[in-house]
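Before any comments, here is the structure.
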Amino acid sequence: MRASETLIPTLRESPAEAEIPSHVLLLRSGCIRQLASGLYTWLPLGLRVLRRVEAIIREELDARGAREVQMPVVQPAELWRESGRWDVMGPELLRMQDRHERDYAMSPTHEEVVTDLIRRVVDSYHEMPVNLYQIQTKFRDEIRPRFGLLRAREFLMKDGYSFHLTDESFEKTYRDMHDAYAAILERIGLEYRAVEADAGNIGDSESHEFQVLAESGEDLVAYCPDSDYAANVEKARALPPRREQGPAQTLTRVATPGRRTIAEVSDLLGLDASRCVKTLIVRGAREPLVALVLRGDHELNETKASRLAAVAAPGTVASDTEVEAAVGCSVGSIGPVDLRLPVYADESAAALVNFVCGANEDDVHLTGVNWDRDAAAETVDLRNVVAGDPSPDGKGTLAFTRGIEVGHIFKLGTKYSDAMQLALQDGSGGEVSLIMGCYGMGVSRLVAAIVEQCHDAAGIVWPAAVAPFDLHVLALDYGRSEDVRRVASAVHDAGVAAGLDVLLDDRDERPGVKFADADLIGIPLRVTVGARGLRDGVVELRRRTETESVRVPIEDALARIGSGELL
RNA sequence: CGGAGUGUAGCUCAGCCUGGUAGAGCACUGCCUUCGGGAGGCAGGGGCCCGCGGUUCGAAUCCGCGCACUCCGACCA
């Protein structure tokens, strides 16, 4: 393809709205343009990348028995009402009406539609299992779209759904899809981790996220360098410590006038923050308020807290006035001793002996506090893990990295099957609700994640597997040199004959502009054809990953490109 | 939705504080020179200065109300 015949509007400067590398570079390289907040147009170059990523996804899924379908984006509200999500979803579900004032949703996901499809189409358990996927535009009215393609409102997603009679059948497909996701990311050449994740509101059991490692990632991943343990920090656990040993000290009241924070109290007492506990009061599910106790140097993990049956979801910290009314002191002086609320202590706090806590009386704290003797609590996992915590598999300590969630697979169980009456006879006289799996991969987000990981100061460095073109022919002096035109065309044709996608820069631009654009666009292999080189009978080869070009005799270059050996 | 910031030429921005009828660089058009890492000269074109209202003899500039975009937070399959 000739550059003069396509639209690649590169930008010399960064648009003001873009902050992170993928957003800046996708805009500057002419891959995308923003229409409005969270809405992007894919230009020819970007669309080629998107299509190549899609192709890889299709190949890996098809190879594992998933079958592609295409479901409607606009969906009748009655299906959403049937599942209960019309009322549950909130404003991120974009709603609209047709001319008859019937309600519709612009679909953020397709559980309802696919469940409805299966119950209409599948008549017998002999047809099980079924595994379908589609690659389609989704719309979620995000509160705050940001980071370009990484959190857009309209985006391209691969969403897959599987249906099973038995857990064994589900587990096999889940593993197959897990393998497919790993294979996709490996083919692209990304550094990633499959991590244990919290399933959010959607599932009730295990789920895995596929996190592409990048500084700009919104997710924090805890992993163990010495084992394969990795988990989203929302979910990550540490090996619970054993109860400390040592003789119990006497419970003692100490005056702590004006000291409210853990730092102030531990400073006053000359102790480490880890010897103190902090007590947070949150809204309860069964009772109005519940107390959560953490070691002073630890932070509450809100996802874990919300998962406690006794805690109202979403987790909400009680207001200062609520606390004072219930406990009789201000927030800085709460403690588990004689506290008339249900108390849940994090494993690390529960392991302490002779610790410090608030006395439920302003300006007073207690020292020498011990569980069982002085206070009672149920032990649970409540905190965010920190670097250096022992890995839960006992094989080392945890470290952190940031990631971009490009895939998430989970077990849905029978949530939708039950709500929408999707069941089959099981062959032995009974009837079973089908077990569902759900497999999402953000295709447009994946493109952004690739750029986050594959760029340098000059521009994008596309991995060969997804590059918009394989070969970039830079024809310098194109308009003025018949020789350049002839050789550049020959190089172009040799590439095409070898099955490559070739971009020929035949624009009437100065060399510097062409070089800069080529770096920005990031095509893996570049051949520079210029009058200067042709006088010596050479063209120049350079990979985008390298800094030096190699002068190669014209005939050699043609032969090597034609043979495909350069890829 | 809370907090912060920004809206001036296609892009990046100055001008605003201290009101007097709009600028630079790049991009674009024409001509000349140049031609291997974003050239130079000359001559041009291009602006409801985000919108509406107010103050004023006069508003890009001051005030009010909107809208849009961005960032932080909350939120988020």
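Chain A is the first sequence line, chain B the second, and so forth, proteins listed ahead of strands; every chain is numbered from 1. Every heavy atom of this structure was used, including side-chain atoms; hydrogens, water molecules and symmetry mates were not.
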Complementary nucleotide of [N], counting Watson-Crick and G-U pairs under 3.5 Å:
N: B:A60; result: none
N: B:G37; result: none
N: B:C26; result: B:G10
N: B:C65; result: B:G51
N: B:A4; result: B:U70
N: B:C75; result: none
N: B:G45; result: none
N: B:U18; result: none

Can you list the residues that meet the side chain to side chain contact (heavy atoms under 4.5 Å, CB included) rule with [X], with sequence neighbours excluded?
X: A:Thr115; answer: A:Phe163, A:Tyr416, A:Met420, A:Leu422, A:Met436
X: A:Ala518; answer: A:His472, A:Leu474, A:Arg526
X: A:Leu7; answer: A:Pro9, A:Leu43, A:Pro44

Rounded to whole angstroms, how far apart are [atom1] on [X] and [atom2] on [N]?
X: A:Leu35; N: B:U70; atom1: CG; atom2: C1'; answer: 16 Å
X: A:Ile143; N: B:C75; atom1: CD1; atom2: C1'; answer: 3 Å
X: A:Ile20; N: B:U70; atom1: CD1; atom2: P; answer: 12 Å
X: A:Arg151; N: B:C71; atom1: CZ; atom2: P; answer: 12 Å
X: A:Arg153; N: B:A68; atom1: CZ; atom2: P; answer: 10 Å
X: A:Glu142; N: B:U70; atom1: CD; atom2: P; answer: 13 Å
X: A:Arg532; N: B:U34; atom1: CZ; atom2: P; answer: 16 Å

Are [X] and [Y] close enough for a salt bridge, meaning some N to O gap below 4.0 Å?
X: A:Asp198; Y: A:Arg307; result: yes
X: A:Lys411; Y: A:Asp167; result: yes
X: A:Asp517; Y: A:Arg507; result: yes
X: A:Arg119; Y: A:Glu82; result: yes
X: A:Arg64; Y: A:Glu60; result: yes
X: A:Lys304; Y: A:Asp381; result: yes
X: A:Arg485; Y: A:Glu482; result: yes
X: A:Glu68; Y: A:Arg58; result: yes
X: A:Glu111; Y: A:Arg85; result: yes

Checklist line | Minimum-distance nucleotide to A:Glu19 side chain [options: B:G36, B:G37, B:U70] | finding: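 From the listed options, B:U70 comes nearest.
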
Check: In terms of side-chain heavy atoms of A:Thr528, which of B:G36, B:U70, B:G37 is nearest?
Finding: B:G36

Next item on the list: Could you name each residue pair satisfying salt bridge (Lys or Arg N to Asp or Glu O under 4.0 Å) that touches residues 536-545 of chain A, not counting sequence neighbours?
Entry: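 Found A:Asp456-A:Arg544, A:Asp536-A:Arg551.
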
Next item on the list: Hey, could you give me each pair passing salt bridge (Lys or Arg N to Asp or Glu O under 4.0 Å) that has a residue in residues 129-142 of chain A? Not counting sequence neighbours.
Entry: A:Lys138-A:Asp159, A:Asp141-A:Arg153, A:Glu142-A:Arg151

Would you classify [X] as touching base, sugar-phosphate or nothing, given that sugar-phosphate means primed atoms plus P, OP1 and OP2, and contacts are heavy atoms under 4.0 Å?
X: A:Arg445; answer: nothing
X: A:Phe147; answer: sugar-phosphate
X: A:Gly90; answer: nothing
X: A:Glu509; answer: nothing
X: A:Glu218; answer: nothing
X: A:Gly530; answer: base

I'd like the [atom1] distance from [M] over to [N], given in whole Å.
N: B:A60; M: B:U6; atom1: C1'; answer: 15 Å
N: B:C62; M: B:G20; atom1: C1'; answer: 14 Å
N: B:U61; M: B:G15; atom1: P; answer: 15 Å
N: B:C65; M: B:A4; atom1: P; answer: 14 Å
N: B:C16; M: B:U21; atom1: C1'; answer: 15 Å
N: B:C52; M: B:C67; atom1: C1'; answer: 10 Å
N: B:A9; M: B:C50; atom1: C1'; answer: 15 Å
N: B:A68; M: B:U8; atom1: C1'; answer: 15 Å

Margin query: According to ring-ring contact (aromatic ring centres under 6.0 Å, His included), does anything in residues 71-96 of chain A pair up with another residue at least two apart or in another chain? List the pairs.
Written below: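 For residues 71-96 of chain A, and leaving out neighbouring residues, there are no ring-ring contact (aromatic ring centres under 6.0 Å, His included) pairs at all.
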
Note to self: Check the phosphate of B:A74 against A:Arg144, side-chain N and O only, distance under 4.0 Å to OP1 or OP2. Yes or no?
What the structure shows: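 Looking at the OP1 and OP2 atoms of B:A74, neither is under 4.0 Å from any side-chain N or O of A:Arg144.
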
Which pairs of donor and acceptor atoms, one on a side chain in residues 19-26 of chain A, lie under 3.5 Å apart (sequence neighbours left out)?
{"unit_1": "A:Ser22", "atom_1": "OG", "unit_2": "A:Glu452", "atom_2": "OE2", "d": "2.7"}
{"unit_1": "A:His23", "atom_1": "NE2", "unit_2": "A:Tyr40", "atom_2": "OH", "d": "3.2"}

For nucleotides 39-46 of chain B, tabulate all protein N/O to nucleotide N/O atom pairs closer than 3.5 Å, reporting atom names and distance.
{"unit_1": "B:A39", "atom_1": "N7", "unit_2": "A:Arg510", "atom_2": "NH1", "d": "3.3"}

Checklist line | Contacting residues from residues 476-488 of chain A, given that a heavy atom lies under 4.0 angstrom of RNA chain B | finding: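 Hits under 4.0 Å, by residue number: A:Leu476, A:Asp477, A:Arg480.
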
Checklist line | Close approaches to RNA chain B from residues 549-558 of chain A, in residue order (heavy atom, under 4.0 Å) | finding: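 Within residues 549-558 of chain A, no residue comes under 4.0 Å of RNA chain B.
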
Next item on the list: Name the residue closer to the 5' end of RNA chain B, choosing between A:Arg28 and A:Ser37 according to the nucleotide with the nearest heavy atom.
Entry: A:Arg28

Item checked: Residue closer to the 5' end of RNA chain B, A:Glu234 versus A:Pro145 (nearest nucleotide) -> A:Pro145

Restricting to nitrogen or oxygen on both sides, can you table the protein-nucleotides 9-13 of chain B pairs closer than 3.5 Å?
{"unit_1": "B:U12", "atom_1": "OP1", "unit_2": "A:Ala16", "atom_2": "N", "d": "2.6"}
{"unit_1": "B:U12", "atom_1": "O4'", "unit_2": "A:Glu13", "atom_2": "OE1", "d": "3.4"}
{"unit_1": "B:U12", "atom_1": "O2'", "unit_2": "A:Glu13", "atom_2": "OE2", "d": "3.4"}

Margin query: The criterion is side chain to side chain donor-acceptor pair (under 3.5 Å); which residues satisfy it with A:His208, sequence neighbours excluded?
Written below: A:Tyr174

